[in-house]
Amino acid sequence: MSLPPYADRPVVVVTGASSGIGRATARTLAEQGWQVIGIGRDPVRSAAAEAEIAAAARKDGGFTMLRGDFTLMADVRRVAGEIQHLTPRLDVLINNAGGVRDRQIISAEGTEATFAVNHLAPFLLTRELTPLLRASAASLPAGSTRVIAVSSSGHRAVDGLDWDDLQSLGEFRPAVAYCRAKLANILFTRELARRAGPDGIVAQAMHPGVVASNFSAHGDAAMRAHMAAADTVPPDEPAETLAWLATEPEGGRTGGRYFHRRAEELPAEAARDDAAAARLWTESERLLDGLGFH
C-alpha cells in the first residue's frame with residue numbers, strides 16, 4: 001500500500017482524525033490538495049471519516065485512514081511503520097489525538113492512559129517519524145516542515161509536572177492529570193523546536209478553544225458538566241488554525257511558540273521552563289526505554 005503519486009503535493013499526518021478537530025483538519029487539508037494520512041481509534045467513526053474526507057479531497061490530493069489505539073505504544077510504533085511504508089517523506093505532523101478520563105486506567109503496557117495518549121504517544125510517533133520529516137526538510141524551503149501539537153489552556157491550571165509521579169500512577173485526579181499532560185505538550189514542543197530546528201523542522205503548539213466534540217465523553221461528571229455549560233466553538237474553527245499553522249508562513253517562523261485563533265499567545269510560566277522541557281524529554285525517553293521502545 002502506498003499513497004497516490006503526489007509529485008509536489010505535500011503530505012500530512014493527522015492523529016485523532018476520526019472525529020472532532022482532527023477530522024475537520026484532515027478534511028480541510030485534503031480539500032486543499034494535500035495527501036492526508038489520518039489516524040483514528042474507533043472503527044465506525046474512522047470508516048465514516050474516511051468516506052467523507054476521501055470524497056471531499058481534491059483530485060490531486062487524497063486521504064488514507066490508519067487505525068491505532070494510542071494508549072498503547074506498540075500500536076503507535078506499528079502505525080509509524082505503516083506510515084513509513086506509505087510515503088518516503090512527511091511535510092507536516094499534527095499531533096491532535098488526546099482525551100480526558102473519568103478515572104485512572106492502566107494500559108496493558110503499564111502506562112496511565114491520560115498521560116499515554118496525550119503525551120507519550122505523540123512523543124513516540126514524532127520520534128519514529130523524524131526520518132521522514134528530515135527527508136522532507138532536506139528538499140523544501142526553510143520552515144516548510146512542521147510538527148504541531150494540540151494542547152489546551154488547561155495547562156494554566158497546574159504549576160508544573162510531578163517529577164516523582166509523572167504519569168499519576170499514585171494519586172490520580174482526572175482534571176489534574178489532563179492539565180499536566182497538556183502542559184507536557186507545550187514543553188515537548190519547546191524542546192522539539194530546540195532539538196529539531198537545526199534539521200529544518202519547526203515545532204509549534206496551539207490551544208483549540210472549548211470545542212463542541214466528543215472530547216469529554218469519557219470524562220468524569222464534573223468535566224461533562226463543564227463542557228455542557230461552556231460556550232463552545234465548532235471543530236472547524238480550530239481546524240482553520242491548524243491548517244493555517246501547517247500551510248502559512250507564520251507557522252514556519254521561529255519554533256516553540258503557542259497559538260490560539262491564528263494568533264500567538266504567551267503560555268503559562270511553567271510552559272516556558274527550558275529546564276523542565278529538557279527533563280521531560282529525558283524522562284519520556286527513559287519511560288519508553290523501560291517499555292522496550294528504544
Side-chain angles (χ1 to χ4, degrees), residues 1-19 21-23 25-30 32-43 45-47 49-50 53-54 57 60-98 116-140 144-150 185 188-189 192 196 199-203 242-243 245-247 284 288 291-294:
M1 182 172 62
S2 63
L3 292 175
Y6 56 84
D8 61 346
R9 305 314 303 164
V11 181
V12 59
V13 167
V14 182
T15 70
S18 62
S19 63
I21 301 168
R23 183 169 176 167
T25 303
R27 185 182 64 245
T28 297
L29 292 171
Q32 294 179 13
W34 283 63
Q35 297 285 350
V36 181
I37 302 170
I39 303 167
R41 180 185 59 83
D42 182 87
R45 289 199 299 266
S46 294
E50 184 167 25
I53 299 169
D60 56 350
F63 181 73
T64 301
M65 178 66 88
L66 303 177
R67 289 268 311 284
D69 179 353
F70 274 20
T71 63
L72 297 173
M73 298 308 106
D75 255 26
V76 176
R77 175 163 278 180
R78 174 185 56 78
V79 167
E82 292 176 2
I83 293 169
Q84 290 163 346
H85 281 95
L86 282 171
T87 175
R89 55 178 273 187
L90 178 60
D91 299 87
V92 175
L93 169 59
I94 299 177
N95 286 314
N96 162 72
V117 74
N118 287 284
H119 169 66
L120 204 56
F123 182 92
L124 177 58
L125 184 67
T126 303
R127 191 184 76 179
E128 296 290 300
L129 296 181
T130 292
L132 298 186
L133 291 163
R134 286 178 178 151
S136 174
S139 63
L140 293 175
S144 299
T145 304
R146 304 168 191 181
V147 178
I148 305 167
V150 176
N185 292 157
F188 168 52
T189 296
L192 178 64
D199 292 325
I201 300 167
V202 179
L242 283 168
L245 283 170
T247 61
S284 300
L288 288 169
L291 293 170
F293 299 97
H294 308 294

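Positions are given from 1, in the same order as the sequence printed here.
Between Ile201 and Ala137, the shortest heavy-atom distance links the atoms CG1-CB, 4.4 Å. In plain terms, the two heavy atoms of Leu125 and Ala80 that are nearest each other are CD1-CB, 4.0 Å. In terms of heavy atoms, Ala97 sits closest to Gly16 at CB-N, 3.6 Å. Pairing each heavy atom of Gly68 with each of Val79, the nearest pair is CA-CG2, 4.0 Å. Of all the heavy atoms in Leu192 and Ala203, the pair that sits closest is CD2-CB, 3.7 Å. Nearest heavy-atom pair across Ala49 and Met65 is CB-CE, 3.9 Å.
Evaluation of the salt bridge (charged side-chain N to carboxylate O under 4.0 Å, His left out) test over residues 121-130, restricted to residues two or more places apart or in two chains, returns Arg77-Glu128, Arg127-Glu285.
Rounding to the nearest 0.5 Å places OG1 of Thr145 at 10.0 Å from CG of Asp199. Note that the CG atom of Leu66 and the OG1 atom of Thr15 stand 11.5 Å from one another [nearest 0.5 Å]. Once rounded to the nearest 0.5 Å, the distance linking CG of Leu140 with CG of Asp91 reads 5.0 Å. Separation of atoms CZ (Phe63) and CD (Glu50) is listed at 6.0 Å; rounding is to 0.5 Å. To the nearest 0.5 angstrom, Arg45 atom CZ is 4.5 Å from Ser19 atom OG. Rounding to the nearest 0.5 Å places CZ of Arg89 at 14.5 Å from CG of Leu129.
Inter-residue side-chain proximity for Val36 and Ile53 is flagged as unmet; no heavy-atom pair is nearer than 4.5 Å. Within the 4.5 Å cutoff, no side-chain heavy atoms of Thr28 are placed close to those of Leu242. Inter-residue side-chain proximity for Asn185 and Val150 is flagged as unmet; no heavy-atom pair is nearer than 4.5 Å. Thr87 is not listed as a side-chain neighbour of Val13, based on a closest heavy-atom distance of 4.5 Å or more. In this structure the side chain of Arg146 never reaches within 4.5 angstrom of the side chain of Leu245, judged on heavy atoms. Two residues are said to be in side-chain contact when any heavy atoms from C-beta on lie closer than 4.5 Å; Thr25 and Asn96 fail this criterion. Side-chain contact between Leu291 and Leu120: present, with at least one pair of heavy atoms (C-beta onward) separated by less than 4.5 Å. At least one side-chain heavy atom of Ile39 sits less than 4.5 Å from a side-chain heavy atom of Phe70.
Side chains of Thr126 and Asn95: a donor on one and an acceptor on the other come within 3.5 Å.
When the salt bridge (Lys or Arg N to Asp or Glu O under 4.0 Å) test is applied to Asp75, the partners found at least two apart in sequence or on another chain are Arg78. With sequence neighbours excluded, the residues forming a ring pair (Phe, Tyr, Trp, His ring centres under 6.0 Å) with Phe188 are Phe123, Trp281, listed by chain and number.
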Inset, instruction - Could you walk me through whether Val76 and Phe293 pass the side-chain contact (heavy atoms from CB on, under 4.5 Å) test, one step at a time? - result: CA-CA 10 Å; Val76 176; Phe293 299 97; over 6 Å; no
